[in-house]
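Structure first, commentary second.
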Amino acid sequence: MSYIALSASTNSVEPAAAGAAQRSLAARLSARLLWIALSIAALIVLWQGAMVAFKPPAYLIPPPAGVFNAFIEKRAVLMHHGSYTFSSALLGLAVSSVFAISLAVLFVSFRLLAQASMPLVIGFRSMPAAAIAPLITLMVGRGVGTNIVVVVLVSFFPILVNLMRGLQAPDRSTLELMHVYGASRWQQIRMLRAPFSLPYFFTGLRIAGANAILGAMLAEWLTGSRGLGFLILESSELREIELLWAAILSSVTVALLVFAATSAAERSVLHWREA
Amino acid sequence: MANPAAADRLRRTLMLLAPVLALLLALLAAEWLTARRALPVVIPAPSAVWADAMKNPAVVTRHLTPTVLKAAAGYAAAAAIALIAAAISSLVLVLRAPIYSLGVGIHSVPLIATTPLLALWLGTGPPTHVLVAALACYFPMLVGAMQGFAAVERNRRELFHMLSASPLQQLRYLVIPSALPYLFAGFKIAAPSAVLGTITAEWAGAELGLGALMLYALGAFDINKVWLAVLMACALSAAAYAFWAGAERLVIYWDSAAELRD
């Protein structure tokens, strides 16, 4: 009951309050960015200091300036491979979200179906992606398809599990209220279970996002055609230390970008929880 | 049959039997379909994969043995370090938080991104593979051991105190039994990770090993060999899990599930 009242009031946030919330959000965001920039700067200073103090051989750790140069000189290469990894991770995430949402809705609506297919789902879940990636390469080929299938494989279950938990989150009395009003199964899902499950869904999506980048890079090791995973492996084999470090840092950046993308999606959908 | 324990055992056996039966059915179906050329070329007949393995068993053992040894070495090293770290953290409470956060840090390092770097530093030989295996399986064991060493119930400890048990007796009859369920939980989860970590490290460069075999077979488009390597990898990680599950059954004869539920 209280939940329905709460969601009804979300559409009528007072403009002044909304403006203040936005201002404070912008302030918080810029403070956070400043903090991130400062810690990166501190890390670089530490890095350079360690280089001067310990003088490690160049193959162990390159100087920051060298890595920076690699970023500038090889920016086209890094963009080429980075955008491939980023887009295949996002595409895979979208595919596994669609699958997970439809499967979760089916499972919640039809108990028997869920019970019958659970062993199958658990079997799929315990398949190690690192072990069966070669099979996927064999079946799907050395293109972007393998990337997407591996990403789906590693990102599907976190979304499904969290979504199932979210769809079952409404408490008994709310469900009974829906029942008393004679809500159909679909109305029950659309008006009650779906809004309840959104925070859970985004929790799952964030975990899946981290897995997705790793899955994409794992697939790129095997397909050996494009992507940051391929670039990291190749530059390691060719002893291009500076490019290797630039590629590793790019993969961290891509992971952060995916995290930011999922967080932005969460904020834009769950704006009512901001308050 | 009125005996509930016997009925429970029967049900459990059936639960174990069902996946085996499903697997057998799938194998038979694959055999039947490939004989009729109803499956794509990339799915070979199970008998063809088996025949390929039997044609040259030396290839199988030559690649399987190094992976088993490296995974076991990495696992053992990680287990030893995890046990020592957990023991220290339960004795010196100040160190508890740093040891745990270090474990979280190790766990969140993406091995896919850093293994090539390790290969550059340590070479593409066994040391890199063992290190990656250890890094891959350290955290679950640390968590299990830390929880296990902290799992002694207060009133049981008081009882031992009242009965004036010696420290060694406390360790033998109190600390170890109450830690075992958690230890086994961590060790079980970690075992497949060690195998998968080894294989991942072998992808970054290895002469021998299941990961190397996968790459060779993929490069040569040797479909039977790819399947063979993948099936062996899956079987190996499942066997590593089953080994610890079996050991748990043998060692913990009391109802540990009841304790974990509390």
Side-chain angles (χ1 to χ4, degrees), chain A residues 56-57 59-62 85 119-120 122-123 126-142 146 150 154 210-211 213-224 227-241 244-245 247-252 254-255, chain B residues 15 18-19 22-23 26 39-44 108-122 124 136 192-193 195-205 210-211 213-219 221-238 241:
Chain A
Y59 78 92
L60 270 184
I61 298 174
T85 303
L120 204 66
I122 291 171
S126 49
M127 267 195 319
I132 64 165
L135 278 189
I136 296 168
T137 313
L138 197 65
M139 291 178 188
V140 188
R142 290 180 179 271
T146 299
V150 174
V154 296
N211 285 358
I213 291 294
L214 293 180
M217 285 170 55
L218 188 118
E220 287 156 9
W221 276 25
L222 283 177
T223 56
L228 281 179
F230 164 72
L231 184 66
I232 288 174
L233 198 59
E234 198 198 40
S235 53
S236 156
E237 278 161 6
L238 298 179
R239 299 286 184 274
E240 291 190 31
I241 320 292
L244 169 66
W245 278 75
I248 290 177
L249 291 178
S250 306
S251 74
V252 173
V254 168
Chain B
M15 292 264 286
L23 192 69
L39 287 179
V41 255
V42 290
I43 302 179
S108 49
V109 167
L111 287 177
I112 301 289
T114 47
T115 303
L117 200 61
L118 292 175
L120 196 65
W121 288 347
L122 306 174
T124 50
S193 306
V195 175
L196 297 174
T198 313
I199 290 171
T200 311
E202 284 167 351
W203 286 353
L210 284 182
L213 180 63
M214 283 173 180
L215 288 188
Y216 294 149
L218 263 183
F221 208 71
D222 186 343
I223 293 164
N224 288 337
K225 279 274 181 345
V226 176
W227 276 85
L228 188 63
V230 167
L231 291 178
M232 281 200 296
C234 291
L236 190 58
S237 60
Y241 183 88

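For the numbers below, each heavy atom of this structure counts, side chains included, while hydrogens, waters and symmetry mates do not. Residue numbers start from 1 in every chain, and the chains themselves are labelled A, B, ... in the order their sequence lines are given, proteins ahead of strands.
Inter-residue side-chain proximity for Trp227(B) and Val230(B) is flagged as unmet; no heavy-atom pair is nearer than 4.5 Å. Under the 4.5 Å side-chain criterion, counting only non-hydrogen atoms from C-beta, Leu117(B) is in contact with Ile248(A).
In terms of non-hydrogen atom pairs under 4.5 Å with chain B, the most contact-rich of Ala255(A), Ser236(A), Gly224(A) is Ser236(A). Heavy-atom pairs under 4.5 Å with chain A were tallied for Ala233(B), Ser193(B), Ala204(B); the largest tally goes to Ala204(B). Listed options Leu228(A), Ile132(A), Leu233(A), Ile213(A) were ranked by heavy-atom pairs under 4.5 angstrom with chain B; first place goes to Leu233(A). Counting heavy-atom pairs under 4.5 Å between each of Pro57(A), Pro128(A), Gly229(A) and chain B puts Pro128(A) at the top. Among the candidates Leu215(B), Ile199(B), Ile223(B), the residue making the largest number of heavy-atom pairs closer than 4.5 Å to chain A is Ile223(B).
Interatomic distance, CD of Glu202(B) versus CG of Leu213(B), reported as 9.5 Å (0.5 Å rounding). With values rounded to the nearest 0.5 angstrom, Thr114(B) atom OG1 is found 12.5 Å from Leu120(B) atom CG. For the atom pair CG of Asp222(B) and CE of Met214(B), the computed distance is 13.5 Å after rounding to the nearest 0.5 Å. Trp203(B) CH2 to Leu218(B) CG: the interatomic distance, rounded to the nearest 0.5 Å, is 9.0 Å.
Using a 4.5 Å cut-off between heavy atoms, Ile232(A) touches chain B through backbone and side chain atoms alike. For Ala133(A), the part lying near chain B is the side chain, with the backbone staying farther off; criterion is any non-hydrogen pair under 4.5 Å. If you measure heavy-atom distances from Tyr241(B) to chain A, you find no contacts under 4.5 Å at all. In this structure, the portion of Leu244(A) lying under 4.5 Å from any heavy atom of chain B is its side chain and not its backbone. Within the 4.5 angstrom heavy-atom criterion, only side-chain atoms of Glu237(A), from C-beta onward, approach chain B. Interface residue Pro110(B): backbone and side-chain heavy atoms are both found under 4.5 Å from chain A.
Using cut-offs of 30° and 60° for the angle between ring planes, the Trp121(B) and Trp245(A) rings count as tilted.
The side chain to side chain contact (heavy atoms under 4.5 Å, CB included) with Thr146(A) is formed by just one residue from the set Thr137(A), Leu138(A), Leu218(A), Leu222(A); it is Thr137(A).
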